[in-house]
Structures are given as C-alpha cells and as structure tokens.
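Have a look at the structure below, then the notes.
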2 protein chains.
Amino acid sequence: MTPDLQPAFRALADPTRRDILRLLGDRDMTIAEVSDQFDMTRAAVKKHLVMLSDGGLITVRAEGRERINSLNAQALRPVMDWLGWFDRFWDTRLDALKSVIEQETPDD
Amino acid sequence: MTPDLQPAFRALADPTRRDILRLLGDRDMTIAEVSDQFDMTRAAVKKHLVMLSDGGLITVRAEGRERINSLNAQALRPVMDWLGWFDRFWDTRLDALKSVIEQETPDD
DNA sequence: TTGATATGATACAAAAAGGTATCATGTCAA
DNA sequence: TTGACATGATACCTTTTTGTATCATATCAA
C-alpha cells in the first residue's frame with residue numbers, strides 16, 4: 001500500500017531529470033520538444049523520460065505518432081511526506097510547541 | 001548563494017542512506033553503531049556516510065577515536081523547497097485559496 | 001608499553017547510470 | 001503509395017556507484 005519511494009528518489013537524483021520536470025510544469029511536451037531543451041541526443045533524453053515514468057513522476061500518452069509527456073506532480077507527494085518526517089528537527093520553537101501539544105493530548 | 005542541490009538529491013537516492021538519516025533522527029551514532037544496523041561492511045557504510053556528509057545531510061565530530069555522526073536536517077530544507085515548487089499542481093482548491101491570499105497581500 | 005578497538009585509506013570488482021550511434025517501425029501528408 | 005518524420009529498440013562504450021578485502025593509523029585501557 002505504501003508506495004515504493006525508490007524509483008521516485010532515483011528519478012530525482014539527476015539534474016537533467018529535475019529540469020525536465022520543471023519544463024513539464026509549464027506545459028506538456030513531446031519527446032522531441034523535451035530533447036530540444038538539452039545538449040544531448042534524443043535517445044538519452046528518452047531514457048531520462050523512462051526513468052521519470054518509472055518513478056511515476058510523468059505520464060505519457062500517445063497522440064498519433066507523437067508521445068505527449070505530462071508532469072504527474074502527485075507522485076511527489078510521498079517524497080514530500082518522507083522528507084516531512086524531518087520537519088521536527090527544523091525549528092526548535094516548533095518543537096517546543098509540539099511538546100506542549102503532545103503533553104496535552106498524549107496519543108502515542 | 002542558492003545551494004547546490006545535487007549532492008543532497010544524490011545522497012537521498014540510495015535507500016540505505018535514507019535509512020541512515022532516519023536512524024540518526026533518533027540519536028547520534030558512531031560509524032560502528034550505524035554499521036551494526038546494516039548487512040554490509042563498515043567500509044561500505046562509511047562511504048554512505050561520506051556521501052551524506054557531502055550532501056550536508058549529516059555532520060561528523062571527532063570524539064577520541066570515535067566519529068560521531070549527527071543528522072543535519074536543515075540541509076533538507078532546500079530539497080523541500082525545490083519540491084515545493086510543484087505544490088501548485090497538487091490541489092486546485094489550495095491553488096484557488098493561494099490566489100485569493102496573494103490578491104489580498106501582494107507582497108511578491 | 002601493549003593489545004584491542006575505531007577509524008582511515010586504498011585497491012579492486014561487479015553493476016548501474018548516462019551517453020552515443022544505428023536501424024526498425026508506425027504515422028502523417030501529399 | 002511514398003517519402004518524411006516521431007518514436008522504439010538495441011548494441012555498445014565510459015564513468016559512477018556500490019560493495020568487498022586489506023592494511024595502516026590513532027587511541028583507549030590495563
């Protein structure tokens with residue numbers, strides 16, 4: 001039930017792939033359109049798109065002979081949630097507040 | 001000025017390293033203590049710790065012949081911020097709310 | 001001092017990542 | 001139908017990653 005975070009984290013580990021996500025945040029793009037934005041072959045970009053798809057971060061739909069790549073930002077949710085576990089270490093004031101709350105509602 | 005996200009994202013790409021971060025969230029640990037939690041050699045764990053350190057996700061202090069590894073959750077902040085850019089795609093209702101707020105307090 | 005312990009450092013090997021080049025296939029447009 | 005175009009698929013290469021094995025160094029404790 002809990003999603004496997006590994007493919008998403010791995011997909012995010014490459015700067016080109018992170019750039020692709022930002023690009024797709026603006027608009028859907030074909031493979032050729034994405035490739036135009038990078039100084040590498042279409043085949044290389046295609047591999048990145050496959051890894052992004054493996055991580056669920058993008059979806060691909062066929063449209064004629066083209067493949068339209070779309071951002072699937074929802075897949076970032078589990079990643080954010082994983083990172084959110086560390087929120088407790090970010091701000092000692094927030095920490096103090098949490099302690100107070102937990103004291104009042106001991107539900108652990 | 002804006003931090004280089006790459007070392008942090010790369011550090012997060014490995015499941016063992018993510019597990020180490022959670023471990024260090026509970027308490028500081030020596031290299032040997034961390035190694036005890038995994039089915040691999042101390043040298044391998046040490047390499048993971050170096051990568052975590054490279055990403056700024058942990059800090060290491062010497063204490064006698066031991067090296068105490070501590071979580072540095074603050075380094076996750078830029079990662080969260082990067083991911084936060086995609087918040088706009090998660091919930092259209094939240095989007096609408098944000099638009100209203102931004103209209104009322106135009107401070108960008 | 002001396003032996004045990006904690007770590008550092010290096011060489012090595014297997015696997016994965018990231019890229020190119022090349023050719024096949026499916027689709028559009030005239 | 002036919003040529004151009006978008007993509008799929010595969011082979012191949014280089015570099016990085018991930019792990020092991022081994023030995024050196026520093027420090028603690030008796």
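Naming convention: chains lettered A, B, ... in sequence-line order (proteins, then strands); numbering from 1 in each chain.
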Rounded to the Å, how far apart are [X] [atom1] and [N] [atom2]?
X	N	atom1	atom2	value
B:Arg42	D:dT18	CZ	P	19 Å
A:Lys47	D:dC12	NZ	C1'	9 Å
A:Arg65	C:dA29	CZ	P	7 Å
A:Lys46	D:dC5	NZ	P	21 Å
B:Arg61	C:dT7	CZ	P	12 Å
A:Glu66	D:dA6	CD	P	7 Å
B:Leu49	C:dG8	CG	C1'	13 Å
A:His48	C:dA17	NE2	C1'	9 Å

Counting side-chain heavy atoms from C-beta on, which of [options] comes nearest to [X]?
X	options	result
B:Met40	D:dG8, D:dT20, D:dT7	D:dT20
A:Arg67	D:dT7, C:dG8, D:dA11	D:dT7
B:Ala44	D:dT7, D:dT20, C:dT7	D:dT20
A:Met51	C:dG18, D:dA21, C:dT20	C:dG18

- Heavy-atom nearest pair, B:Leu12 first then B:Arg18, reads O-NH1, 2.8 Å

- Query: What pair of heavy atoms forms the shortest contact from B:Ala75 to B:Gly55, and how long is it?
  - Reply: CB-O, 4.1 Å

- Message: Looking at B:Thr41, I'd like to know whether one of its side-chain N or O atoms comes within less than 4.0 Å of OP1 or OP2 on D:dT20.
- Response: yes

- Query: Should B:Leu21 and A:Trp82 be marked as a side-chain contact (heavy atoms from CB on, under 4.5 Å) after you check the CA-CA gap, both sets of side-chain angles, and the distance that decides it?
  - Reply: CA-CA 11 Å; B:Leu21 289 181; A:Trp82 188 92; 4.2 Å; yes

- Rounded distance [0.5 Å steps], OG1 in B:Thr30 versus CZ in B:Arg42: 10.5 Å

- Task: Report the residue (A:Pro15 or A:Ala43) whose heavy-atom-nearest nucleotide on DNA chain C is the more 5′ of the two.
- Result: A:Pro15

- Query: Which sits closer to the 5' end of DNA chain C, B:Val60 or A:Asp14, going by the nucleotide each is nearest to?
  - Reply: B:Val60

- Query: Should B:Arg10 and B:Asp54 count as an ion pair when the cut-off is N to O under 4.0 Å?
  - Reply: no

